[in-house]
Amino acid sequence: MRNIAVIEDEDVHAAKLEENLSLYQKEYHCEFRVVRFRTAEDFLADYRSAYAVVFMDIQLPGMNGMEAAFKLRTLDKTVSLIFITSLSQYAQKGYEVDAVGYLLKPVSYYDFSLKFRKALDLYVMAEERNVSLDVPGGVCWVSCNRLMYVEIIRHRLYYHLVDGVIEATGVLSAAEKQLEAHGFLRCNNCYLVNPRFVVNVKGLTVQVGNETLAISRPRRGAFLAKLTEWFTTGAGKEGEDGTASL
């Protein structure tokens with residue numbers, strides 16, 4: 001059973017969403033646990049990454065839905081987000097928070113079912129590559145598909161995502177064990193690298209996205225061997241000059 005959050009202050013619109021969710025469950029023979037919040041503050045208080053899909057009204061009392069969405073993305077990078085609004089222009093910034101889309105009030109079942117199914121599919125695809133991080137104030141879930149590399153500085157871990165950085169507690173050896181199954185490689189005592197974001201390797205440096213990271217001399221051989229093995233499984237190949245590239 002997956003959890004669904006509805007953040008909507010107006011009872012009539014919350015009831016309509018819950019009605020559509022009930023119809024969807026009957027049509028697709030599935031079951032959801034629906035939790036409704038009247039304000040964004042209530043939803044974000046003591047937030048835990050327990051939801052597959054969040055329906056967020058944009059016009060809310062206090063913190064509005066767009067502000068709440070930006071806050072949500074600092075806590076949860078993988079939950080699927082759908083905006084609910086009366087005016088489409090209010091949802092145009094949804095791409096900035098990686099929203100699946102938006103639904104116009106009153107929400108029709110046809111439009112709802114299309115967006116909701118897409119949101120569930122995206123969540124399930126990301127779920128298999130999610131990892132949990134111990135962050136100040138709780139736990140955060142991130143997708144390895146968005147995680148470029150992990151860095152340790154003064155006993156703090158920094159998870160560098162394509163859209164930001166998350167600071168977490170822990171040690172690099174534990175992070176390495178957690179991420180090993182997802183293909184992450186250690187290039188020195190400070191970095192774990194996601195090979196999906198490796199652009200090239202030259203000498204004692206590896207370019208990950210737009211960042212250039214150091215490779216320790218003792219680890220270079222093993223790092224290149226594992227990187228080449230990863231590339232040759234279908235993701236890429238190693239160049240003739242010894243430069244690994246996509």
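- Counting non-hydrogen atoms of neighbouring residues, nucleotides and ligands closer than 6.0 angstrom, the CZ atom of R48 exceeds 12 such neighbours.
- No more than 12 heavy atoms of other residues, nucleotides or ligands shown are found within 6.0 angstrom of CG on D46.
- Residues passing the side-chain contact (heavy atoms from CB on, under 4.5 Å) test with D11 are R36, R38, sequence neighbours excluded.
- If you run side chain to side chain contact (heavy atoms under 4.5 Å, CB included) between V53 and each of L120, V34, V79, N3, only L120 comes through.
- Residues satisfying the ring-ring contact (aromatic ring centres under 6.0 Å, His included) test with F223, not counting sequence neighbours, are none.
- Scored by the side-chain contact (heavy atoms from CB on, under 4.5 Å) test, K118 finds V100, L122 as partners (sequence neighbours excluded).
- Looking at residues two or more places apart in sequence or on another chain, you find no salt bridge (Lys or Arg N to Asp or Glu O under 4.0 Å) involving D9.
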task = Begin from the C-alpha positions of D98 and R146 and carry the test salt bridge (charged side-chain N to carboxylate O under 4.0 Å, His left out) through to its verdict.
result = CA-CA 12 Å; D98 200 23; R146 306 169 70 88; 3.3 Å; yes
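- With sequence neighbours excluded, no residue forms a salt bridge (Lys or Arg N to Asp or Glu O under 4.0 Å) with E211.
- Sorted by first and then second residue, the ring pair (Phe, Tyr, Trp, His ring centres under 6.0 Å) pairs involving residues 16-41 (not counting sequence neighbours) are Y24-Y28, Y24-F116, F32-F116, F37-F43.
- Shown here are the side-chain contact (heavy atoms from CB on, under 4.5 Å) partners of A68, two or more places apart in sequence or in another chain: A40, L44, M56, M63.
- Atom CD of E10 and atom CG of L60 lie 9.5 Å apart (nearest 0.5 Å).
- In this view, H13 satisfies the ring-ring contact (aromatic ring centres under 6.0 Å, His included) rule with no residue, not counting sequence neighbours.
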Can you list, pair by pair, the side-chain donor-acceptor contacts under 3.5 Å of residues 104-111, counting residues two or more places apart and other chains?
from, atom 1, to, atom 2, distance (Å)
K105, NZ, E8, OE1, 3.1
K105, NZ, D57, OD1, 3.2
K105, NZ, D57, OD2, 3.4
S108, OG, D111, N, 3.3
Y109, OH, E27, OE1, 2.4
D111, OD1, K115, NZ, 3.3

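- With side-chain heavy atoms closer than 4.5 Å counting as contact, directly or through intermediates, L204 stands alone and belongs to no larger hydrophobic cluster.
- Under a 4.5 Å side-chain heavy-atom cut-off, the cluster of Ile, Leu, Val, Met, Phe, Trp and Tyr residues that includes V165 is completed by I153, Y158.
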Side-chain donor-acceptor contacts of residues 167-178 below 3.5 Å, not counting sequence neighbours, with atom names and distances?
from, atom 1, to, atom 2, distance (Å)
E167, OE2, R156, NE, 2.8
E167, OE2, R156, NH2, 3.2
T169, OG1, D134, O, 3.3
E176, OE1, R186, NE, 3.2
E176, OE1, R186, NH2, 3.0
Q178, NE2, S132, O, 3.0

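- Between the CG atom in L179 and the CG atom in L147 there is a gap of 6.5 Å [rounded to 0.5 Å].
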